[in-house]
Amino acid sequence: MNCLSPSILAADFTKLGEQMAAAEQAGAQYLHFDVMDGFFVPNISFGMPVLSSLRKGTNMMLDVHLMVEDPARYIGQIADCGADIITVHAEACKDLNYAVDLIKERELLAGVALCPATPLTELQYILHRIDMVLIMTVNPGLGGQKLIPYTLDKVRDMKALIDSKGLKTDIEVDGGVNFKTLEQVLAAGANIIVAGSAVFEGDVEENTKRMLDMMK
């Protein structure tokens with residue numbers, strides 16, 4: 001099933017609760033939450049207090065993307081804040097298997113993200129243990145970038161690998177997805193779509209409905 005995960009990084013924080021409710025009312029199934037530390041990526045976003053507050057205001061799946069160094073340090077706290085999915089970057093983990101263990105111990109869905117130039121072989125021995133692969137279609141850490149074309153081939157290759165192993169692993173894409181690029185991303189094999197500006201710029205409810213209609 002195709003699911004939309006609006007990224008609150010692009011939301012108006014003076015209207016965050018209102019915009020989150022509008023996306024949920026329009027049918028968005030997930031809410032994407034980017035945690036940035038200023039080290040793994042050149043930006044700082046938000047952390048546990050914001051996540052806890054959002055949990056109280058929505059029934060959507062909280063899709064937490066940790067763009068931080070050594071993310072295993074924070075998995076317990078993020079779980080306590082109400083995350084449903086925790087995604088760590090393969091490039092940021094000292095021990096990727098250990099990080100996945102920590103997520104699974106909390107009975108949450110485990111995702112692993114790969115930066116655009118990181119090869120899929122990073123997941124060769126752990127793919128069967130995870131619930132979602134997040135393919136970054138832009139360089140992580142900054143909003144408003146254009147989708148990098150070669151990442152669509154990476155999505156296709158990931159889909160083929162998952163199918164060849166008989167797995168049901170979700171493929172999420174994050175970066176540069178809008179009304180012009182959405183069809184390409186879906187055709188490549190992604191089924192969970194992160195969208196920021198495309199949802200939160202303008203009428204949130206209308207944008208969400210339009211994007212979901214395109215995903216049917």
Would you check if the side chain of [X] reaches a backbone N or O of [Y] as a donor-acceptor pair within less than 3.5 Å?
X	Y	result
Asp131	Leu109	no
Ser52	Pro49	no
Asp37	Ile44	no
Glu91	Leu114	no
Lys165	Ala160	no
Arg129	Tyr125	no
Thr208	Val204	yes
Asp63	Leu31	no
Thr137	Asp174	yes

So, taking the atom named [atom1] in [X] and the one named [atom2] in [Y], what distance separates them when rounded to the nearest 0.5 Å?
X	Y	atom1	atom2	result
Phe46	Phe13	CZ	CZ	4.0 Å
Phe39	Asp70	CZ	CG	12.5 Å
Ile85	Leu108	CD1	CG	9.5 Å
Leu4	His32	CG	NE2	11.5 Å
Glu172	Ser5	CD	OG	5.5 Å
Cys3	Met215	SG	CE	6.5 Å

For residues [X] and [Y], determine if any side-chain heavy atom of one lies less than 4.5 Å from a side-chain heavy atom of the other.
X	Y	result
Leu161	Leu123	no
Met67	Val35	no
Ile126	Asn97	yes
Leu152	Ile148	no
Leu54	Ile8	yes
Val155	Asp153	no
Met136	Thr151	no

Charged N-O contact under 4.0 Å between [X] and [Y]:
X	Y	result
Arg55	Asp84	yes
Lys104	Asp101	no
Lys209	Asp213	no

As a test of understanding, state which of Val133, Leu96, Ile103, Thr87 forms a side-chain contact (heavy atoms from CB on, under 4.5 Å) with Val112.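 Single side-chain contact (heavy atoms from CB on, under 4.5 Å) partner of Val112 among Val133, Leu96, Ile103, Thr87: Leu96.
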If every non-hydrogen atom of [X] is compared with every non-hydrogen atom of [Y], which pair is closest and at what distance?
X	Y	answer
Ala92	Pro71	O-CD, 3.4 Å
Leu51	Cys81	CD2-CB, 3.6 Å
Gln19	Asp12	OE1-N, 2.9 Å
Leu186	Met214	CD1-O, 3.9 Å
Val173	Ala190	CG1-CB, 3.6 Å
Val41	Gly141	CB-CA, 3.7 Å

Consider only side-chain heavy atoms of I, L, V, M, F, W and Y, link residues closer than 4.5 Å, and tell whether [X] and [Y] are in one cluster.
X	Y	value
Leu9	Met211	yes
Leu62	Ile86	yes
Val64	Leu102	yes

Audit row: Leu120, Lys154, side chain to side chain contact (heavy atoms under 4.5 Å, CB included) steps and yes/no: CA-CA 8 Å; Leu120 299 182; Lys154 192 173 179 181; 3.8 Å; yes
Report, one line per pair, each donor and acceptor closer than 3.5 Å where one atom sits in a side chain of residues 191-200; sequence neighbours left out.
| residue | atom | partner | partner atom | Å |
| --- | --- | --- | --- | --- |
| Asn191 | OD1 | Ile171 | N | 2.8 |
| Asn191 | ND2 | Met1 | O | 3.3 |
| Asn191 | ND2 | Asp170 | OD1 | 2.8 |

Side chain to side chain contact (heavy atoms under 4.5 Å, CB included) between Met158 and Ile162, worked out: CA-CA 6 Å; Met158 186 75 256; Ile162 288 169; 3.9 Å; yes
Could you walk me through whether Asp80 and Arg106 pass the salt bridge (charged side-chain N to carboxylate O under 4.0 Å, His left out) check? CA-CA 9 Å; Asp80 289 341; Arg106 300 303 293 265; 2.4 Å; yes
Under the ring pair (Phe, Tyr, Trp, His ring centres under 6.0 Å) definition, can you give me all pairs with a residue in residues 79-104, not counting sequence neighbours?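 Every pair satisfying ring pair (Phe, Tyr, Trp, His ring centres under 6.0 Å) with a residue in residues 79-104: Phe40-His89, His65-His89.
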Side-chain donor-acceptor contact under 3.5 Å, Asp34 with Ser45: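 No, Ser45 and Asp34 have no side-chain donor paired with an acceptor closer than 3.5 Å.
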